Asks: 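There's a structure below that I have some questions on.
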Amino acid sequence: MEYNFSEIEKKWRQFWADHKTFKAEDNSSKPKYYVLDMFPYPSGAGLHVGHPLGYIASDIYARYKRLKGYNVLHPMGYDSFGLPAEQYAIQTGQHPAITTEQNISRYRDQLDKIGFSFDWDREVRTSDPRYYKWTQWIFKQIFNSWYNLKSNKAEDISTLIAAFESNGNTGIEAVTEFTETFTAGEWKNYSEKTQSDILMEYRLAYLADSWVNWCPALGTVLANDEVINGLSERGGHPVEQKLMRQWSMRIKAYAERLITGLDTIDWTDAIKDIQRNWIGKSRGASVFFPLWKACPDKNSSGGTEEEGSLADNKKGGQTDHTIEVFTTRPDTIFGVSFMVLAPEHPLVDEITTTEYKDVVDAYKTAASLKSERDRQADVKNITGQFTGAYVLHPFSGEKIPVWIGDYVLASYGTGAVMAVPCGDQRDWDFATHFNIPVKNIFENTDISEGAYTEKEGIIADSDFLSGLPVKKAMVIAIAKIEELGIGKGKTNYRLRDAIFSRQRYWGEPFPVYYKNDIPYLVDDAHLPVELPEVNKYLPTEDGEPPLARAGKSAWKYFEGDRMEYNTMPGWAGSSFYYLRYMDPHNDNEFVSKDKADYWNQVDLYIGGSEHATGHLLYSRFWCKFLYDRGYISFDEPFKKLINQGMILGRSSFVYRVDFATIDNDTPEKTTFNTGLIDFTIFVSKEKINASINNEIFSILKKRDFYFNGFTIEGFSPIHVDISLVDNDKLDVEAFKMWRSEFANAEFILEDDGSYTCGSEVEKMSKSKFNVQTPDELVEKFGADTLRMYEMFLGPLEQTKPWDTKGINGVHNFLRKLWRLFYENGNLIVTDAPASKEALKTLHKTIKKVEDDLERFSFNTNVSNLMICVNELTEQKCHSKEILKQVVILLAPYAPHTAEELWSEALGNRAGTVSTAQFPAFSPEMLVEANTVYPVSFNGKMRFNAELPTTFSAKEVEEAVLAMPETQKWLEGKTPKKMIVVPGRIVNIVV
RNA sequence: GCGGAUGUGGUGAAAUUGGUAGACACGCCAGACUUAGGAUCUGGUGCCGAGAGGUGUGCGGGUUCGAGUCCCUCCAUCCGCACCA
């Protein structure tokens, strides 16, 4: 029998499907193991070779665990709500559900061809109403919860309402921005609307006016993790800040637990650090600075009034007439020489004096017109404006000028900073730029060229802090601040609440309706609230989201004055899918408690690191919430996480000749390509630096184009589809046909008549025409070769460029393996007992394969199998006893080939190798009579000495010293010292 | 600026606790075989050197009998965050 991989693979895929070989049992006496991949968004481009990398690794591990006797849950599904299907719908009118369905079936075809051992009976799709019913249901639970700081967990909102009814909100410690107090009596007398508004301040899913990242091009808000350098992650459109009424998730309530939880899970430090950084915990103090003037508006006499003393000002009231700042350096409080507020700070208008009103307004307007990107790009430009107002230093009583400046962010801390130019570079720059006097409070430091930003040294000139080291001064400053009641120690987080609404069509509708402007939840009995049909997928003319186009009758369920028009963000459905896989067909619960307890945490999760601050953080948040509310019994979803590296593509370029007109009046050049010359000229890469002007001129002449008033401007690289390029040589005719505008292009070729393309390693993308799909490789070499090759490429976590150069090596390995079983099509497996050598090879391999799998070293395992087959080939081993075990070792990597050999060559007709038992390693098989010792002199290895394994260190020493080679290397000298590590090495110091 | 990762032949890479650097593969060179196949087999292949030998894991230093591995300084590349007070 020949190694006919395409028939073998087809046959076994069918077998697995027919026999449901990989079905996971919810009840089993076996230990459980849950291996999960990040489910894909089914894009129109299909899978490229980068997608399966992680899937292959997890599949190998899942198959290995089955062989090791585990009950393995290894599911797959689709994150099928998302922007591209909606954009396509806007352009073509085709319903996103149809596009999505088509893309999913393409993905499924591609996935199937690679031979994954998924339990497809558990497939989920986030856009399926039977799935998003539970997304909506979880939203309801979050809406109906508040965060109790006393129990440090989320609790049902009814416990809060009960407390309000008996005691008002005094004594409540909750995560909220709400600062007013009310009594039980007041609560009961509030209108339903007021009660609803107050509860909204406590709910973990809430509606609020918040500054959001608004992307006009996409017509929707974006979460912080969807904005990169001020541009949208998808499409790269500009993003601006806008105040909008939006649904948010109070993820800040979990900030601390999201940090501490990281210590309980096995993720790389890189990802943990990204999350810690994103949450951005900083310790410090909030301090209240009293305003110098009570209220300038009420006192038009401006600066003529007497300066109040600190004590007098304090009497004026801490709430109305103070500005709160957050600082991580309370030890530097005596170095404060001015204060800066964010331009959007709510007190700015109130404190600005009449004299400065116009300039402050002008500054505010200028700041508000800047996009997020401009503001970030403008970092080096120092801008700011004095407001005319002063605060008083809470300790010294000194007058401190109040400025506004856009280096202070409204959304971080209190939106106000106490500026300490001697200890903070930004404050120093600001002070220097505006000539504000700088006070130095650090002993023996020079701040003439910049701030002293080290968190060490001795504080000077600072009243009760003078002479103290920085770290001690921090503690004492906070204590004193708290003692005087002018502030308190505080922990601040950079993490912001997550905006949860999107102005899109293709997402989960909210289970929410409005009546008299009060939001109400749709009853569980009416879930899911299904997406209504709309005539267009665009926002309405007055800027409402697309769902506002749906009339009352378009909704299968409608209540109140209107339904919620927003839909949920992409991360909603992906935040609990790992739980749904445990119980995917349950109509009564999102997952039954029994099944959630049984399958428990995901033991191994594999996916890209690009989800570090999005999906992985949100999933942890929801998991902790569901844990708090008692639906599951673990509060971290993913026990071990591996981030597979990205596979980059190799793009190819052709080089277009660009021309320019020369305008005699102005020296500027204008590039044109097709305007005056209706054909394009491409230059082969190797010719770019040669003198080719004559060649170009003769082409122009040939085409009857007379060249005057133009010059050759340069050469632009243009991406060309990699399927038209072989080994950097362009198929010129295919290229002309590829894009019609190049049909009559001209080419300047190499001397040998070929066209050489340039190349670059970049991310794979449709627009770069460098996408390598797995399909053609499966076709050419088979899925087993592809699987092994992707693993052989290098460590899983590493980013690596795709290159098919080595794929033959892996393919040849499988053929070589085949030849251990068949010679010229005849079965040559024997029942003869295995040789000692063969047993040694086998057991060496068992140990290595197992060890390497346990540490997820998939690449080295391919070599282990290669070495095994090389050795067995050399030994001419065709023993069934050995080969049977080898096939099991191979099965996770090359499952189709393994199945075929198992059933046909080894005669296990009825069974499948997928449920075989992983071979046991016997150390005694590796015991040798002799050990080879490398002998080194001064650490340099000189020769090998074969000595009996049973020799003690002393015996080894004596035997080595007696060897002629030793005498040669000693050159007559006496060894100073001899190190013998039994079984390993001998080193002689001369 | 802060945080993280990486740096080894012509190429992808290996070396798990400090113990023969370059396993395994690609490529290349030489040869064999042949019903010319992306076949198979044999030998070689870090660099310098005819050889003995020397030298070699980004640079420089240190610890050690012994360092790719541990420590210090620096350099380069990639990733994440960034007027975060």
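Proteins get letters first, then strands, A, B, ... in listed order; numbering begins at 1 in each. Predicted model only: the values in this text are computed from it and were never measured.
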Asks: Under 4.0 angstrom, heavy atoms only, what part of the nucleic acid is Pro795(A) near: base, sugar-phosphate, or nothing?
Replies: sugar-phosphate

Asks: Check whether any side-chain N or O of Lys968(A) sits under 4.0 Å from OP1 or OP2 of rG53(B), and answer yes or no.
Replies: yes

Asks: Taking only Lys NZ, Arg NE, NH1 and NH2, and the carboxylate oxygens of Asp or Glu, determine whether Lys439(A) and Asp427(A) approach each other closer than 4.0 Å.
Replies: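 Asp427(A) and Lys439(A): not salt-bridged.
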
Asks: Mind checking Asn870(A) for me? I need base, sugar-phosphate or nothing, with any heavy atom below 4.0 Å counting as a touch.
Replies: sugar-phosphate

Asks: OP1, OP2 of rA82(B) versus side-chain N and O of Asn277(A): anything below 4.0 Å?
Replies: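 False: Asn277(A) side-chain N/O out of range (4.0 Å or more) of rA82(B) OP1/OP2.
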
Asks: Under 4.0 Å, heavy atoms only, any strand: does Lys763(A) hit a base, just the sugar-phosphate, or nothing?
Replies: nothing

Asks: Rounded to whole angstroms, how far apart are CG on Asp331(A) and C1' on rA85(B)?
Replies: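 So the two atoms are 13 Å apart, to the nearest Å.
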
Asks: Mind checking if Asn224(A) touches a base, just sugar-phosphate, or nothing, with heavy atoms under 4.0 Å?
Replies: nothing

Asks: Is the shortest distance from a Lys or Arg side-chain nitrogen in Lys840(A) or Glu928(A) to a carboxylate oxygen in the other one below 4.0 Å?
Replies: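 Counted as a salt bridge, because a side-chain N and a carboxylate O are separated by less than 4.0 Å.
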
Asks: So does Gln425(A) get a side-chain nitrogen or oxygen closer than 4.0 Å to the phosphate oxygens (OP1/OP2) of rA85(B)?
Replies: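 For Gln425(A), the contact criterion (side-chain N or O under 4.0 Å from OP1 or OP2 of rA85(B)) is not met.
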
Asks: Treat a base pair as Watson-Crick or G-U wobble with both distances under 3.5 Å, then lay out RNA chain B in dot-bracket form, 5' to 3', with | for cross-strand pairs.
Replies: (((((((..(((......[....)))((((((.......))))))(((....)))..(.(((..]....))).))))))))....

Asks: Go through the side-chain N and O atoms of Asn987(A) and Lys977(A) and say whether any donor and acceptor fall under 3.5 Å apart.
Replies: no

Asks: Could you tell me whether Asp269(A) and Lys272(A) have a side-chain N and a carboxylate O separated by less than 4.0 Å?
Replies: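 No, this pair does not count.
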
Asks: May I have the distance from Arg815(A) (atom CZ) to rU40(B) (atom P), rounded to whole angstrom?
Replies: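 In whole Å, rU40(B) P and Arg815(A) CZ are 6 Å from each other.
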
Asks: Rounded to whole angstrom units, what separation is found between the CG atom of Leu796(A) and the P atom of rA13(B)?
Replies: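 About 13 Å, once rounded to whole Å.
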
Asks: Could you state the CG-P distance from Asn492(A) to rA85(B), rounded to the nearest angstrom?
Replies: 8 Å

Asks: Report the nucleotide, chosen from rA21(B), rC83(B), rA82(B), that has the shortest atom-to-atom distance to any side-chain atom of Met941(A).
Replies: rA21(B)

Asks: Which distance, rounded to the nearest 0.5 Å, do you find between the CG of Asp424(A) and the OG1 of Thr453(A)?
Replies: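 The distance works out to 8.5 Å.
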
Asks: By the 4.0 Å heavy-atom rule, please label Asp851(A) as base, sugar-phosphate, or nothing.
Replies: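 Nothing, no heavy atom under 4.0 Å.
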
Asks: Would you indicate what Leu409(A) reaches in the nucleic acid, counting non-hydrogen atoms under 4.0 angstrom: base, sugar-phosphate, or nothing?
Replies: base

Asks: Between rG4(B), rA85(B), rC81(B), spot the one nearest the side chain of Arg494(A), thanks.
Replies: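 Between rG4(B), rA85(B), rC81(B), the one nearest the side chain of Arg494(A) would be rC81(B).
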
Asks: Classify the nucleic acid contact of Glu797(A) as base, sugar-phosphate or nothing, counting any heavy atom under 4.0 Å across all strands shown.
Replies: nothing

Asks: Here's a test of your reading of the structure: between Asn864(A) and Arg329(A), which maps to the more 5' nucleotide of RNA chain B?
Replies: Asn864(A)

Asks: Atom CG of Asn938(A) and atom P of rA67(B): how far apart are they, to the nearest Å?
Replies: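 Distance check: Asn938(A) CG to rA67(B) P gives 11 Å.
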
Asks: Do we see a donor-acceptor contact under 3.5 Å between the side chains of Ser651(A) and Glu762(A)?
Replies: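 Result is yes, a qualifying pair exists.
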
Asks: Within the 4.0 Å heavy-atom criterion, would you say Leu793(A) contacts the bases, only the backbone, or no part of the nucleic acid?
Replies: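 Sugar-phosphate contact only - Leu793(A) comes under 4.0 Å of backbone atoms but never of a base.
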
Asks: Tell me the closest heavy-atom pair linking Ala612(A) and Ile274(A), and the distance in Å.
Replies: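 So the minimum-distance heavy-atom pair works out to CB-CG2, 3.7 Å.
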
Asks: Do Asp429(A) and Gln425(A) have a side chain donor and acceptor closer than 3.5 Å?
Replies: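 Note: Asp429(A) and Gln425(A) side chains meet the donor-acceptor criterion.
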
Asks: Among side-chain atoms of Tyr3(A) and Thr897(A), is any donor-acceptor pair under 3.5 angstrom?
Replies: yes

Asks: By the 4.0 Å heavy-atom rule, please label Val932(A) as base, sugar-phosphate, or nothing.
Replies: nothing

Asks: To the side chain of Phe792(A), which of rC65(B), rA25(B), rA14(B) is closest?
Replies: rA25(B)

Asks: How many whole angstroms separate atom CG of Asn824(A) from atom P of rU40(B)?
Replies: 14 Å

Asks: Is there a side-chain polar atom (N or O) of Lys805(A) under 4.0 Å from OP1 or OP2 of rU11(B)?
Replies: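 Checking rU11(B) against Lys805(A), no side-chain N or O comes under 4.0 Å of OP1 or OP2.
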
Asks: Across the strands shown, which category fits Asp852(A) at heavy-atom distances under 4.0 angstrom: base, sugar-phosphate, nothing?
Replies: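 Base, at least one base atom sits under 4.0 Å.
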
Asks: Counting heavy atoms from C-beta on, name the nucleotide in rC26(B), rG54(B), rA25(B) closest to the side chain of Met866(A).
Replies: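 The nucleotide sitting nearest to the side chain is rA25(B).
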
Asks: Roughly how many Å apart are rG54(B) and rG58(B), using the C1' atom of each and rounding to a whole number?
Replies: 22 Å

Asks: Let's test your reading of the model: under 3.5 Å, does the base of rG38(B) pair with the side chain of Lys780(A) as donor and acceptor?
Replies: yes

Asks: When rounded to the nearest Å, what value does the distance between C1' atoms of rU8(B) and rU69(B) take?
Replies: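 So the two C1' atoms sit 12 Å from each other.
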
Asks: For rA85(B), take OP1 and OP2 only and decide whether either is under 4.0 Å from a side-chain N or O of Arg283(A).
Replies: no

Asks: Check every atom of rG53(B), rC24(B), rA14(B) against the side chain of Thr860(A) and return the nucleotide holding the closest atom.
Replies: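 The nucleotide sitting nearest to the side chain is rA14(B).
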
Asks: Below 4.5 Å, heavy atoms only, C-beta onward: do Leu853(A) and Ile60(A) meet side chain to side chain?
Replies: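 Yes, their side chains come closer than 4.5 Å.
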
Asks: Check whether any side-chain nitrogen or oxygen of Arg855(A) sits under 4.0 Å from OP1 or OP2 of rA15(B), and answer yes or no.
Replies: yes

Asks: Among rC81(B), rC83(B), rC84(B), which nucleotide has an atom closest to any side-chain atom of Trp278(A)?
Replies: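 Within the option list, the nearest is rC81(B).
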
Asks: Looking at the side chain of Arg984(A), which of rA23(B), rG19(B), rA85(B) is the nearest nucleotide?
Replies: rG19(B)

Asks: Looking only at the side chain of Arg426(A) (C-beta and beyond, no hydrogens), which of the listed nucleotides rC84(B), rA13(B), rG3(B) gets closest?
Replies: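 Among rC84(B), rA13(B), rG3(B), the one nearest the side chain of Arg426(A) is rC84(B).
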
Asks: Under the 3.5 angstrom rule, does the side chain of Tyr789(A) hit a backbone N or O of Gly809(A) as a donor-acceptor pair?
Replies: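 Not confirmed, Tyr789(A) side chain does not pair with Gly809(A) backbone.
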
Asks: Round to a whole Å and report the spacing from CG of Asn861(A) to C1' of rU16(B).
Replies: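 Asn861(A) atom CG is separated from rU16(B) atom C1' by 13 Å.
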
Asks: Provide, to the nearest angstrom, the distance between the NZ atom belonging to Lys976(A) and the P atom belonging to rG66(B).
Replies: 11 Å

Asks: Consider the side chain of Asn812(A), meaning its heavy atoms from C-beta on, and name the nucleotide among rC65(B), rC83(B), rU40(B) that approaches it most closely.
Replies: rU40(B)

Asks: Any base atoms under 4.0 Å from Arg276(A), or only sugar-phosphate, or nothing? Heavy atoms, all strands.
Replies: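 Nothing: the residue Arg276(A), judged by heavy atoms under 4.0 Å, touches no strand.
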
Asks: Which one, rA85(B), rG4(B), rC65(B), comes nearest to the side chain of Asn987(A)?
Replies: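 Nearest listed nucleotide: rC65(B).
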
